[in-house]
Amino acid sequence: NVLGLKEEKKYVGKGISYCATCDGNFFKNQPVAVYGVGQTALEDIKYLHNVASKVYWFVPNKTLSTRILQEINDLDKLIVKYGTDVLNLFGENRLQQLDLYNKTTRKQERLEINGLFVALGRKPDLSWLDVEIKLNKNGYVLVDKNCQTSHKGIFACGDITSRKLKPSIPDLTAKFTQQVVESLVKRNFFNKDLYDKHSILTSRNIQERYYEVAKRRQKNDFDTAFWL
């Protein structure tokens with residue numbers, strides 16, 4: 001889910017992120033913020049607390065549950081702002097400042113920030129895939145221990161899947177993609193020049209490129225890999 005602000009797209013990848021475990025390390029020793037509530041926001045807060053110099057938590061609600069308060073009690077770099085919404089985003093080439101609105105005091109505040117992580121819940125995007133695969137009730141891809149989906153030859157890993165491997169998504173994705181792609185290269189599925197094995201292949205254009213290669217092969221049991 002997104003903030004819904006008109007400037008939001010401008011700063012995606014330039015200060016705004018929707019995945020703390022994916023992008024948090026880009027903000028090492030920098031001030032960041034998380035906007036959202038619930039378990040998604042809590043997990044982002046905990047991860048970023050070990051990376052950033054300071055973490056703001058913009059909570060849309062006026063309170064947090066007792067359980068969450070207990071879990072954040074020892075986070076000394078965390079500053080919680082209750083009943084707070086993000087109004088505007090500013091920055092020339094990347095996000096540098098934002099305007100906040102406190103729903104209790106009805107006052108605005110401008111804050112300097114390097115990164116804003118939106119934690120309003122996540123929903124996997126499979127709109128680009130035209131093959132039917134099994135999902136769980138929340139829309140996540142069902143996979144086995146080898147990251148194989150219900151469709152032979154299609155694999156998935158990371159946030160798009162139902163497996164609870166969230167803390168190691170970057171490492172898992174890098175290892176998995178290299179293994180799968182190298183396997184396909186060995187079988188002459190596509191030219192090894194199409195990818196740099198030192199890269200972590202996570203962007204949508206990479207997903208679609210390999211998927212289109214597979215479709216052009218016109219194999220009913222084609223092999224490919226996708227990840228989000």
Any non-hydrogen side-chain atom of [X] less than 4.5 Å from a side-chain atom of [Y]?
| X | Y | value |
| --- | --- | --- |
| Leu116 | Val32 | no |
| Pro60 | Thr84 | no |
| Phe90 | Arg110 | yes |
| Thr149 | Asp144 | no |
| Leu98 | Phe58 | yes |
| Ser53 | Lys28 | no |
| Asp99 | Glu109 | no |
| Asn88 | Leu5 | no |

Atom [atom1] in [X], atom [atom2] in [Y]: separation rounded to 0.5 Å?
| X | Y | atom1 | atom2 | result |
| --- | --- | --- | --- | --- |
| Asn29 | Asn114 | CG | CG | 11.0 Å |
| Leu75 | Ile79 | CG | CD1 | 12.0 Å |
| Ile113 | Lys54 | CD1 | NZ | 8.0 Å |
| Asn102 | Lys81 | CG | NZ | 8.0 Å |
| Asn73 | Ile68 | CG | CD1 | 13.5 Å |
| Arg67 | Gln39 | CZ | CD | 5.0 Å |

Give the minimum heavy-atom separation between [X] and [Y], together with the two atoms involved.
| X | Y | answer |
| --- | --- | --- |
| Gly115 | Leu95 | C-CD2, 4.5 Å |
| Ala41 | Ala119 | CA-CB, 3.6 Å |
| Gly91 | Gln96 | CA-OE1, 3.4 Å |
| Ser150 | Lys134 | OG-N, 2.8 Å |
| Gln30 | Ala52 | O-CB, 3.0 Å |

Discussion item. With clusters defined by side-chain heavy atoms of hydrophobic residues (ILVMFWY) lying less than 4.5 Å apart, directly or transitively, does Leu120 cluster with Tyr101?
Written reply: no
Discussion item. Membership question, hydrophobic clusters at under 4.5 Å side-chain separation (ILVMFWY): are Val59 and Leu87 in the same one?
Written reply: no
Fill in: Within 6.0 angstrom of Gln148 CD, more than 12 heavy atoms from elsewhere
yes
Practice prompt. Apply side chain to side chain contact (heavy atoms under 4.5 Å, CB included) to the pair Tyr82 and Val80, showing each step before the final yes or no.
Written response: CA-CA 6 Å; Tyr82 294 99; Val80 182; 3.5 Å; yes
Worksheet item: Could you walk me through whether Asp44 and Thr21 pass the side chain to side chain contact (heavy atoms under 4.5 Å, CB included) check?
Response: CA-CA 7 Å; Asp44 286 359; Thr21 54; 5.6 Å; no
Please check if the side chain of [X] supplies one atom and the backbone of [Y] the other of a donor-acceptor pair under 3.5 Å.
| X | Y | answer |
| --- | --- | --- |
| His49 | Lys77 | yes |
| Thr40 | Gly38 | no |
| Lys62 | Gly83 | no |
| Glu8 | Gly4 | yes |

Item to complete: Determine the sole option in Phe26, Trp57, Tyr56, Phe27 for which the ring pair (Phe, Tyr, Trp, His ring centres under 6.0 Å) test with Phe117 is passed.
Response: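 Among Phe26, Trp57, Tyr56, Phe27, the one that satisfies the ring pair (Phe, Tyr, Trp, His ring centres under 6.0 Å) with Phe117 is Phe27.
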Discussion item. Looking only at the side chains, is there a donor atom on one of Tyr35 and Asp85 sitting less than 3.5 Å from an acceptor on the other?
Written reply: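 The criterion, which ignores hydrogens and geometry beyond distance, is satisfied for Asp85 and Tyr35.
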Discussion item. Determine whether Leu135 and Leu142 satisfy the following criterion, side chain to side chain contact (heavy atoms under 4.5 Å, CB included), listing intermediate values before the conclusion.
Written reply: CA-CA 5 Å; Leu135 312 175; Leu142 292 170; 5.7 Å; no
Worksheet entry | Derivation and outcome, side chain to side chain contact (heavy atoms under 4.5 Å, CB included), residues Ile72 and Leu64 | CA-CA 10 Å; Ile72 66 174; Leu64 290 170; 4.2 Å; yes
